[in-house]
Amino acid sequence: MMRKVKVLVVDDSPTMRGLIATALTKDPDIVVVGEAEDPLQARQAIKTLNPDVVTLDVEMPNMSGLEFLEKIMRLRPMPVIMVSTLTKRGAEETLQALEMGAIDCIEKPRPGNEHSFEELPYKVKIAASARVKPLIRTEDSHRQARGIRSAHESYVSDGRVVAIGASTGGVEALLELLSGFPENCPPTVITQHMPPAFTHSFADRLDRLCAPKVQEATDHAKLLPGNVFLAPGGTRHLEITPDLRCRLKAGERVSGHCPSVDVLFNSVARSCKGNAVGVILTGMGKDGAAGLLAMRQAGAKTFGQNESSCIVYGMPKAAFEVGAVESQLPLDRLAAAIIAETSMKKKN
């Protein structure tokens with residue numbers, strides 16, 4: 001019999017703690033072992049109850065969720081899921097939390113989104129089996145890495161499109177990957193599973209911390225070197241057209257998601273044939289496996305993040321098992337491999 005996942009709920013609102021606990025206890029594989037109204041209570045509860053997963057409010061009294069998360073990830077790394085409002089500040093702080101090692105995030109219920117906690121039990125069970133690493137990196141080190149790694153003065157793109165898919169753990173992974181891209185990087189498109197309100201803030205944050213121009217994709221945007229486009233969260237899929245433009249297309253979920261990595265990769269396979277590079281990063285599920293295989297069969301070069309560097313080795317594993325991944329590499333080697341592969345000098 002599988003052991004139940006033990007969860008500690010941390011939120012200053014009794015109502016919100018109740019909603020979270022109710023959503024979690026609907027799953028027979030989860031038990032809420034305790035609740036805390038602030039980080040001071042939570043710290044003691046973690047010592048006493050030894051939970052498998054913590055749900056953590058972003059904004060709390062006595063100590064912010066970010067400050068408390070930093071202490072957890074430095075001193076006692078464990079799976080944490082952030083619970084956030086949809087304010088601009090809430091989105092930006094949640095993104096910082098994901099960069100610091102939080103496994104995932106979920107929106108607080110609001111009018112029109114009353115069922116946001118329905119996915120929480122699934123996210124908690126995934127988090128319980130995720131790889132959690134001590135926090136050793138800071139935003140300053142990202143800026144330093146950008147300065148060092150973006151010094152590809154001789155790099156000229158050979159014109160190939162780079163398509164990237166990611167899910168759980170992708171915020172941290174994409175920041176590290178794009179920090180290794182030069183300012184004149186290959187034209188790049190990304191689908192990252194993320195709540196709709198967060199993708200614009202995420203694109204802005206990547207743009208501030210990385211050398212290339214990073215922005216949320218818009219319909220008809222032209223793919224050019226030095227530009228990175230992130231699929232907006234919501235009800236539209238990101239596709240690439242034969243004339244190398246972004247197309248946002250309304251549709252149902254594909255492989256469980258909208259936007260879907262499979263939809264992006266399949267469009268790149270159709271539009272670019274072998275004139276592309278596919279990359280699949282950390283994430284739960286199988287989204288992207290079939291699309292990456294289509295890219296490889298069309299002649300594209302394909303990379304997958306290796307197991308040891310993934311927060312969740314789900315999507316890269318599924319892609320590897322169907323033969324979609326040509327080269328499997330640790331995260332810290334992927335940027336250099338992509339840049340070397342797409343360099344004009346490689347062709348001369």
Side-chain angles (χ1 to χ4, degrees), residues 103-104 119 122-123 125-131 160-174 176-177 186 188-194 229-231 233 237-242 247 249 251-338 340-342:
I103 301 300
D104 212 333
E119 292 186 343
Y122 177 62
K123 288 176 180 281
K125 288 193 286 189
I126 292 294
S129 61
R131 292 177 180 82
R160 276 187 286 176
V161 170
V162 175
I164 303 171
S167 185
T168 311
V171 168
E172 186 179 6
L174 284 167
E176 179 165 347
L177 180 69
T188 301
V189 285
I190 301 169
T191 290
Q192 156 76 44
H193 300 156
M194 181 176 283
F229 293 100
L230 178 70
H237 296 285
L238 173 60
E239 296 182 336
I240 301 307
T241 61
R247 176 167 59 198
K249 186 176 179 181
E252 299 297 318
R253 292 189 176 197
V254 174
S255 303
H257 299 277
C258 185
S260 162
V261 180
D262 270 329
V263 170
L264 174 62
F265 284 174
N266 278 315
S267 73
V268 173
R270 291 191 304 270
S271 297
C272 303
K273 303 295 191 290
N275 196 38
V277 175
V279 185
I280 193 156
L281 302 177
T282 176
M284 64 179 110
K286 298 181 179 179
D287 188 24
L292 194 68
L293 180 60
M295 285 186 65
R296 187 175 185 188
Q297 290 173 339
K301 175 76 176 182
T302 60
F303 293 99
Q305 186 177 348
N306 73 348
E307 182 174 5
S308 63
S309 66
C310 281
I311 296 294
V312 178
Y313 186 57
M315 286 164 46
K317 179 182 179 182
F320 183 78
E321 288 179 343
V322 298
V325 175
E326 185 177 350
S327 299
Q328 195 165 220
L329 295 171
L331 179 61
D332 62 6
R333 289 176 53 197
L334 274 171
I338 294 165
E341 177 65 30
T342 59

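Please read all numbers here as calculations on a predicted model, not as lab measurements.
Ion pairing between K301 and E326 holds under the 4.0 Å rule for side-chain N and carboxylate O.
The CD1 atom of I280 lies 13.0 Å from the CZ atom of F320; values are rounded to the nearest 0.5 Å. Rounded to the nearest 0.5 angstrom, I338 CD1 and T188 OG1 are separated by 7.5 Å. With rounding to the nearest 0.5 angstrom, the CG atom of D287 is 5.5 Å from the CE atom of M315. Rounded to the nearest 0.5 Å, atoms OG (S309) and CG (L334) are 7.0 Å apart. Atoms CD1 and CZ, on I164 and F303 in that order, are 11.0 Å from each other to the nearest 0.5 Å. The distance from the CD atom of Q192 to the CE atom of M194 is 4.5 Å, given to the nearest 0.5 Å.
Checked by atom type and distance alone, the side chain of R160 pairs as donor or acceptor with a backbone atom of E341 at under 3.5 Å. A donor-acceptor distance shorter than 3.5 angstrom exists from the side chain of D262 to the backbone of G288, with no hydrogens or angles considered. At least one donor-acceptor pair under 3.5 Å links the side chain of T282 to the backbone N or O of I311.
At a threshold of 4.5 Å between non-hydrogen side-chain atoms, the residues V162 and T342 count as touching. Here the side chains of T302 and V277 are not in contact, with every heavy-atom distance at 4.5 Å or above. At a threshold of 4.5 Å between non-hydrogen side-chain atoms, the residues C258 and H237 count as touching. Q328 is not listed as a side-chain neighbour of E307, based on a closest heavy-atom distance of 4.5 Å or more. The shortest side-chain heavy-atom distance between V261 and H193 falls under the 4.5 Å cut-off. Here the side chains of L238 and V263 are not in contact, with every heavy-atom distance at 4.5 Å or above. Residues V161 and N275 have side chains not in contact (no heavy-atom distance under 4.5 Å, counting atoms from C-beta outward).
When all heavy atoms of Q305 and A173 are compared, the pair lying nearest together is OE1-CB, 4.3 Å. In terms of heavy atoms, S271 sits closest to P242 at OG-N, 3.3 Å. The minimum heavy-atom distance linking A319 with L292 is given by the pair CB-CD2, 4.1 Å. The shortest non-hydrogen separation linking G283 to S167 is CA-CB, 3.6 Å. Contact record, I240 with C272: CG2-SG, 4.5 Å, taken as the closest heavy-atom pair. Minimum heavy-atom separation, C310 to R131: O-CD, 3.3 Å.
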Item to complete: Let me see the working for L281 and L174 under side chain to side chain contact (heavy atoms under 4.5 Å, CB included), right down to the final yes or no.
Response: CA-CA 8 Å; L281 302 177; L174 284 167; 3.7 Å; yes
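No more than 12 heavy atoms of other residues, nucleotides or ligands sit less than 6.0 Å from atom CZ of R333. Surrounding NZ of K317 are at most 12 heavy atoms belonging to other residues, nucleotides or ligands under 6.0 Å away.
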